[in-house]
**Q** 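The structure is given below, and queries will be raised subsequently.
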Amino acid sequence: MSISKEIFDELMVLDKEFEDNSIISLKENWTKDIKSITTRDKFQLDYRSNKIEIRKYSFNHRTRTSVVLLRYCSLKRHTNPDGKVFDGAHIHIFCEGYDDKIAFSVKDILGIDPETSSKETVLASILDYCHIRKNSIQTTMEIE
């Protein structure tokens, strides 16, 4: 299933909040349900970390179960369809016709340096970019 650029733009600017107020822990993998504050749209945010290489992790912001709106990858090589290569942290944003296959610079999109930013900083920047209210969860985030 895919969506149009217009629908993507509409979904991204919606103010959202987590459906529960549980503590976000960055010690284990999770999926959190998210809802729009103004519409009936539902979303998910996934966190996956590699147990062997602890610096390797990802965040996925999804809707309609399988449509990836944004995906952050910390330590993975990626080549865009145009041949541009990312060695290290990059961020995928939905593009019509390519879904989430195109990556961008983390600095350009989130305004942070992925080399010096903690997982908490990356998550906070993603929540801001995706219009997900941070105050709907406890701000204590644990990290290994």
Side-chain angles (χ1 to χ4, degrees), residues 1-3 5 7-37 39 41-144:
M1 175 195 303
S2 191
I3 59 174
K5 169 81 167 105
I7 291 174
F8 167 79
D9 291 339
E10 291 171 9
L11 293 172
M12 287 300 287
V13 299
L14 289 174
D15 287 327
K16 306 166 192 86
E17 64 185 7
F18 288 94
E19 290 193 357
D20 68 29
N21 289 323
S22 63
I23 294 172
I24 289 182
S25 171
L26 296 177
K27 287 186 173 183
E28 57 190 39
N29 296 335
W30 47 256
T31 297
K32 299 280 186 185
D33 291 324
I34 298 168
K35 62 183 176 183
S36 166
I37 294 170
T39 69
D41 291 292
K42 301 284 187 180
F43 304 87
Q44 296 81 36
L45 182 66
D46 305 309
Y47 168 70
R48 300 289 179 261
S49 65
N50 186 302
K51 297 301 179 193
I52 296 170
E53 174 57 70
I54 61 171
R55 296 179 316 134
K56 187 174 184 178
Y57 64 96
S58 66
F59 291 102
N60 281 318
H61 178 45
R62 301 178 289 121
T63 190
R64 300 178 186 173
T65 306
S66 63
V67 177
V68 175
L69 302 173
L70 174 142
R71 183 174 77 238
Y72 175 91
C73 301
S74 68
L75 290 177
K76 190 174 180 185
R77 184 180 178 98
H78 175 79
T79 305
N80 280 346
D82 66 359
K84 182 173 179 154
V85 176
F86 290 89
D87 280 321
H90 56 277
I91 194 160
H92 297 258
I93 298 177
F94 173 86
C95 293
E96 191 168 11
Y98 293 95
D99 295 333
D100 64 336
K101 293 178 180 49
I102 298 180
F104 300 90
S105 160
V106 174
K107 286 181 185 178
D108 292 345
I109 301 300
L110 298 180
I112 60 171
D113 181 354
E115 298 298 319
T116 60
S117 297
S118 67
K119 287 182 184 181
E120 293 92 347
T121 300
V122 171
L123 176 57
S125 297
I126 289 170
L127 295 177
D128 286 342
Y129 186 84
C130 295
H131 296 266
I132 302 169
R133 289 186 180 175
K134 288 186 293 259
N135 63 356
S136 66
I137 59 170
Q138 294 181 20
T139 58
T140 303
M141 291 186 263
E142 303 168 359
I143 188 164
E144 296 180 60

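Side chains included, hydrogens not; waters and symmetry mates left out as well; all remaining heavy atoms used.
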**Q** Output all residues satisfying side-chain hydrogen bond (donor to acceptor under 3.5 Å, both in side chains) with Asp46, sequence neighbours left out; order by chain, then residue number.
**A**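 Scan of Asp46 (side-chain hydrogen bond (donor to acceptor under 3.5 Å, both in side chains), adjacent residues dropped) gives Thr31, Arg62.
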
**Q** Evaluate the side chain to side chain contact (heavy atoms under 4.5 Å, CB included) criterion for residues Asp128 and Ser125: first the C-alpha distance (whole Å), next the side-chain angles of each, then the deciding distance (0.1 Å), finally the verdict.
**A** CA-CA 5 Å; Asp128 286 342; Ser125 297; 5.7 Å; no

**Q** About how many Å separate CG of Asp99 and CZ of Phe94, when rounded to the nearest 0.5 Å?
**A**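 Nearest 0.5 Å value for the CZ-CG distance: 5.5 Å.
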
**Q** Do Phe18 and Leu45 pass the side chain to side chain contact (heavy atoms under 4.5 Å, CB included) test, and can you show the C-alpha distance, the side-chain angles, and the key distance before you say yes or no?
**A** CA-CA 9 Å; Phe18 288 94; Leu45 182 66; 4.0 Å; yes

**Q** With a sphere of 6.0 Å drawn around NZ of Lys32, does it hold more than 12 non-hydrogen atoms of other residues, nucleotides or ligands?
**A**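 Result for NZ/Lys32: enclosed.
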
**Q** Yes or no on side chain to side chain contact (heavy atoms under 4.5 Å, CB included) for Ser49 and Lys119, after CA distance, side-chain angles and deciding distance?
**A** CA-CA 11 Å; Ser49 65; Lys119 287 182 184 181; 4.3 Å; yes

**Q** Nearest 0.5 Å, what's the NZ-CD1 distance between Lys16 and Ile132?
**A**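 Rounded to the nearest 0.5 Å, the NZ-CD1 separation comes to 6.0 Å.
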
**Q** Here's a test for you: under side chain to side chain contact (heavy atoms under 4.5 Å, CB included), which of Val106, Ile112, Leu110, Leu123 qualifies with Ser117?
**A**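 It is Ile112; the other options fail the test.
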
**Q** Going from OH on Tyr57 to CG on Asn29, what distance comes out if it is rounded to the nearest 0.5 angstrom?
**A**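 One finds 13.5 Å between OH of Tyr57 and CG of Asn29.
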
**Q** Does any non-hydrogen side-chain atom of His131 lie less than 4.5 Å from one of Met12?
**A**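 No, every pair of side-chain atoms sits at 4.5 Å or beyond.
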
**Q** Give the minimum heavy-atom separation between Leu70 and Cys130, together with the two atoms involved.
**A**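 In this case the closest contact between Leu70 and Cys130 is CD1-SG, 4.1 Å.
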
**Q** How about Cys95 and Lys5: do any of their side-chain heavy atoms sit closer than 4.5 Å?
**A**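 The answer is no; the side chains never approach within 4.5 Å.
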
**Q** Drop me the distance from His61's NE2 to Ile93's CD1, to the nearest 0.5 angstrom.
**A**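 Here the rounded value is 11.0 Å.
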
**Q** For Cys73 versus Ser58, what's the shortest heavy-atom pair and its separation?
**A**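 So the two residues come closest at CA-CB, 4.5 Å.
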
**Q** Between Ile34 and Gln44, does a side chain to side chain contact (heavy atoms under 4.5 Å, CB included) hold up when you go through it step by step?
**A** CA-CA 5 Å; Ile34 298 168; Gln44 296 81 36; over 6 Å; no

**Q** Working to the nearest 0.5 angstrom, can you tell me the gap between Tyr72 OH and Ile109 CD1?
**A**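 The CD1 atom of Ile109 is 13.0 Å from OH of Tyr72, to the nearest 0.5 Å.
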
**Q** Which pair of heavy atoms, one from Leu26 and one from Glu120, lies closest together, and at what distance?
**A**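 Taking every non-hydrogen atom into account, CD1-N, 4.1 Å.
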
**Q** Return yes if some donor-acceptor pair links the side-chain N/O of Thr63 with the main-chain N/O of Lys42 below 3.5 Å, else return no.
**A**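 Yes, Thr63 side chain to Lys42 backbone: donor-acceptor pair under 3.5 Å.
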
**Q** Restricting to side chain to side chain contact (heavy atoms under 4.5 Å, CB included), what partner residues turn up for Asp41, sequence neighbours left out?
**A**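 By the side chain to side chain contact (heavy atoms under 4.5 Å, CB included) rule, Asp41 matches Leu11, Leu14, Ser36, Thr39, Phe43.
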
**Q** Do the side chain of Asn80 and the main chain of Asp82 share a donor and acceptor less than 3.5 angstrom apart?
**A**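 No.
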
**Q** So which atom in Lys101 and which in Pro81 form the shortest heavy-atom distance, rounded to 0.1 Å?
**A**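 Smallest heavy-atom distance, with atoms named: O-CD, 3.7 Å.
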
**Q** Can you tell me how far apart OH (Tyr47) and CD (Glu28) are? Round to the nearest 0.5 Å.
**A**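 Answer for the OH-CD pair, Tyr47 versus Glu28, is 10.0 Å.
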
**Q** Taking the side chain from Arg48 and the backbone from Trp30, do they hold a donor-acceptor pair closer than 3.5 Å?
**A**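 Checked: pair present.
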
**Q** Do you know the tightest heavy-atom contact between Phe86 and Ala103?
**A**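 Result for this residue pair: CE1-O, 3.4 Å.
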
**Q** For Asn60, give me all partners under side-chain hydrogen bond (donor to acceptor under 3.5 Å, both in side chains), at least two apart in sequence or on another chain.
**A**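 With neighbours one apart ignored, the set is empty.
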
**Q** Please give me the minimum heavy-atom distance between His90 and His78, naming the atom from each residue.
**A**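 The answer is NE2-CB, 3.5 Å.
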
